[in-house]
Amino acid sequence: MRRSMLFLPGNTPNILINGDALGADALIFDLEDAVSPDEKDSARILVRSAVSALGYAGCEIIVRINAVDTPYWREDLREIVPLKPSLIMPPKTSCAQDVLTVDAAIAGLEDELGMQRGTVRLIPLIETALGVENAYQIASACPRVAAIFLGGEDLTADLRCKRTREGAEIAYARSRMVCAARAAGVDVYDTPFTDVNDDEGLVLDAKTAKSLGFTGKAAISPRHVPGINEVFSPSLAEINYAYEVLEAIRLAKEQGRGAVALRGKMIDAPIVARARQTIEAAEQLGLGGDRA
Amino acid sequence: MKNGKLLSGIAEAVRASGLRDGMTVSFHHHLRNGDYVLNMVLEAAAQQGIRDLTVNASSLFDTHLPLLGHIENGVVTGIETDYMSGALGAHISRGALKKPVVFRSHGGRPHDIVRGASPIDVAFIAAPTSDPMGNCTGKTGPSACGSLGYAFADALHAKTVVVVTDNLVPYPLQDWSIDETHVDYVVKVDQIGDPAGIVSGTTKITRDPVGLVMADTAARVIAASGLLKEGFSFQTGAGGASLAAARYLKDIMLREKIRGSFGLGGITGYMVDMLNEGCFETLLDVQCFDLKAVQSIRENPRHREISAMHYASPGARSAVVDSLDVVILGATEIDLDFNVNVHTDSQGRIMGGSGGHSDTAAGAKLAMIIAPLSRARLPIVTEHVTCVSTPGETIDVLVTQKGVAVNPRQKELAQRLRDAGLPVCGIDELKARAEAMTGVPRPIARGDRPVAEVLYRDGSHLDTIYNTL
């Protein structure tokens with residue numbers, strides 16, 4: 001279950017040592033924007049040491065490397081791939097070839113290290129207009145892609161518009177990303193909400209993302225993690241409804257009925273699939289409904 | 001009508017009080033780091049050639065650094081207190097005073113004053129408002145500090161009592177805290193303190209994510225303890241994480257419609273909000289920490305001033321701490337036996353004191369320590385604390401950002417917390433986790449000369465603090 005992904009600057013030891021205490025499902029160790037060019041090497045060493053020494057039990061580990069058009073990304077991979085992070089996040093991914101370039105480099109390292117190919121998966125960060133338009137090709141570029149992630153800040157710069165609290169300027173990109181990810185059968189993550197002091201705005205933004213179909217959302221501040229987790233966890237009402245759906249299906253089967261209705265509404269296959277997903281998520285999170 | 005109490009200045013008051021060599025002079029700390037009175041009195045005593053005084057102050061702050069000069073020239077040869085802030089503490093730790101400082105708790109101090117174990121010759125009571133006969137209060141006046149809780153034992157039991165005020169009002173002051181029957185002299189001065197140092201404008205809740213994680217866990221521990229129900233009582237400190245814990249607790253209390261009986265302690269504006277929003281029936285206030293608390297104690301009859309005896313004295317027939325459900329406390333170190341140090345820093349330098357720490361821990365049904373696993377690259381959980389300020393047998397639970405340790409004496413509590421899904425683990429595991437990040441620090445190098453003796457609230461000896469090198 002990956003509801004929240006929290007960015008941790010790769011060059012700040014004080015934050016890195018407490019990463020696993022901040023409630024995020026996944027931690028993104030950032031070697032890119034948070035780290036100035038003259039600190040790239042020290043950040044790599046720090047992240048490597050932190051991940052290998054602290055372990056971060058209970059958190060998925062993601063590392064954002066530098067983009068493929070920089071001189072840093074190969075060295076990032078060389079340092080990070082041996083740690084076997086769950087995901088590597090290549091930024092500024094604009095086409096399938098960007099993904100394949102990183103894929104080939106990781107495959108080479110996996111062979112070199114005696115790791116099984118595909119151990120380390122990818123979550124390309126899409127943050128350009130071209131990337132959004134190529135979202136499906138990126139999401140389906142290779143089996144190593146596990147998810148795609150929308151970066152709203154760089155995207156709005158590329159679109160030449162302002163980022164707003166309401167987010168109308170990224171509405172198209174959000175929908176397009178969700179559609180592309182689902183078509184490719186991978187997960188999809190929403191851009192962080194950047195106003196650290198606006199708790200209400202964060203919750204509204206997360207609710208919008210969830211309503212569009214995003215799997216979860218990234219955060220640049222630990223203060224946003226509880227809000228994101230809450231929005232992306234199934235609510236008690238949703239869990240109870242899911243149990244009611246499955247119970248209605250069970251009864252219908254028992255009674256040999258084809259069509260099933262619950263509270264006057266027909267239950268079809270997608271509703272059943274959604275109910276199963278909800279219960280699976282609730283079980284992973286240890287949330288019980290009335291019938292759990 | 002006799003009106004012989006009003007004197008012209010501090011020097012005359014020192015003379016009139018009969019203060020002479022070898023005596024003990026006392027002060028309260030409600031003016032905190034803004035206090036002028038202690039320095040004014042000692043300066044006058046020095047000018048009059050008085051030597052060998054013992055200063056008994058409920059707390060000492062860095063504003064009292066002139067004390068060091070008086071120690072050097074022999075005016076002051078003894079200090080008894082409940083708390084000493086860092087700059088003064090560093091000098092004392094280096095051996096500035098020949099005789100060890102005597103540290104008591106906020107409950108132990110009035111207990112020892114009342115029973116005669118710590119007699120006071122002259123008490124100088126800074127009073128933000130007084131009338132000429134000494135009916136006085138902290139609730140009003142330009143230097144208002146709110147409660148005068150720590151001054152009561154001094155006023156009631158010192159051989160001579162001098163009220164020092166900068167706001168003299170006509171007789172009789174109506175809403176007095178200390179009444180004229182205890183007061184020998186009244187002195188009007190220009191200013192008893194700097195309002196900016198007396199109370200902070202607002203007390204802010206931490207925005208530090210690690211502090212917020214600990215605060216959230218602390219509130220969940222309280223909710224799972226079984227104590228959070230109708231009639232609940234609570235004390236917390238003014239530190240960032242403690243205050244944030246109160247915020248999360250308030251959310252739970254309002255959501256679950258739980259009305260507590262009382263909030264206790266040093267009172268912040270945040271506790272005032274909890275009173276006003278219906279979380280408590282009353283606040284029992286031995287000390288105000290900010291302007292909102294001062295305004296509340298002045299205006300709201302449900303916000304009551306209490307004396308330090310009533311707050312925490314182990315010699316009282318009963319004290320409020322004996323009825324307390326939950327207290328949240330801090331620590332500079334905690335050891336595997338749950339002993340807590342709040343007197344010294346990681347270098348063994350004095351930088352604090354018990355205050356009400358050991359009193360509330362002894363009284364409360366649930367005494368919780370909230371502390372990050374490491375500070376400044378040093379682990380908080382240690383094999384043995386540098387100084388035992390509060391005995392481990394009175395501490396029930398330690399909350400850190402990476403787990404909750406329950407005192408093995410509290411098996412039922414541990415089970416309740418586990419059942420609630422809280423990350424319960426052994427305190428030795430927390431120590432190991434901290435050391436995995438920080439390594440094991442080298443032992444502190446210290447001298448063999450005692451610079452302070454720490455007394456427990458009942459007067460028994462708890463620990464000795466030695467000089468730093």
(message) Just to verify, what does A:Glu60 make a salt bridge (Lys or Arg N to Asp or Glu O under 4.0 Å) with, not counting sequence neighbours?
(response)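 Listed in chain order: A:Arg2.
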
Taking atom types as modelled, which donor-acceptor pairs link chain A and chain B at under 3.5 angstrom?
residue	atom	partner	partner atom	Å
A:Ile17	O	B:Lys402	NZ	2.4
A:Asn18	OD1	B:Gln401	NE2	2.6
A:Asp20	OD1	B:Lys402	NZ	3.0
A:Asn197	OD1	B:Arg207	NH2	2.8

(message) Once ring-ring contact (aromatic ring centres under 6.0 Å, His included) is applied, what residue pairs with a partner in residues 403-443 of chain B remain, sequence neighbours excluded?
(response)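 Every pair satisfying ring-ring contact (aromatic ring centres under 6.0 Å, His included) with a residue in residues 403-443 of chain B: there are none.
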
(message) Per the ring-ring contact (aromatic ring centres under 6.0 Å, His included) rule, what does the pair list look like for residues 399-425 of chain B, sequence neighbours excluded?
(response)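 Sorted result for residues 399-425 of chain B: empty, none.
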
(message) Heavy-atom count check: over 12 atoms from other residues, nucleotides or ligands less than 6.0 Å from A:Arg165 CZ?
(response)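 Enclosed.
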
(request) Would you mind checking which part of A:Leu54 comes under 4.5 Å of any heavy atom in chain B, side chain (CB onward), backbone (N, CA, C, O), both or neither? (result)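 Contact with chain B is through the side chain of A:Leu54 alone.
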
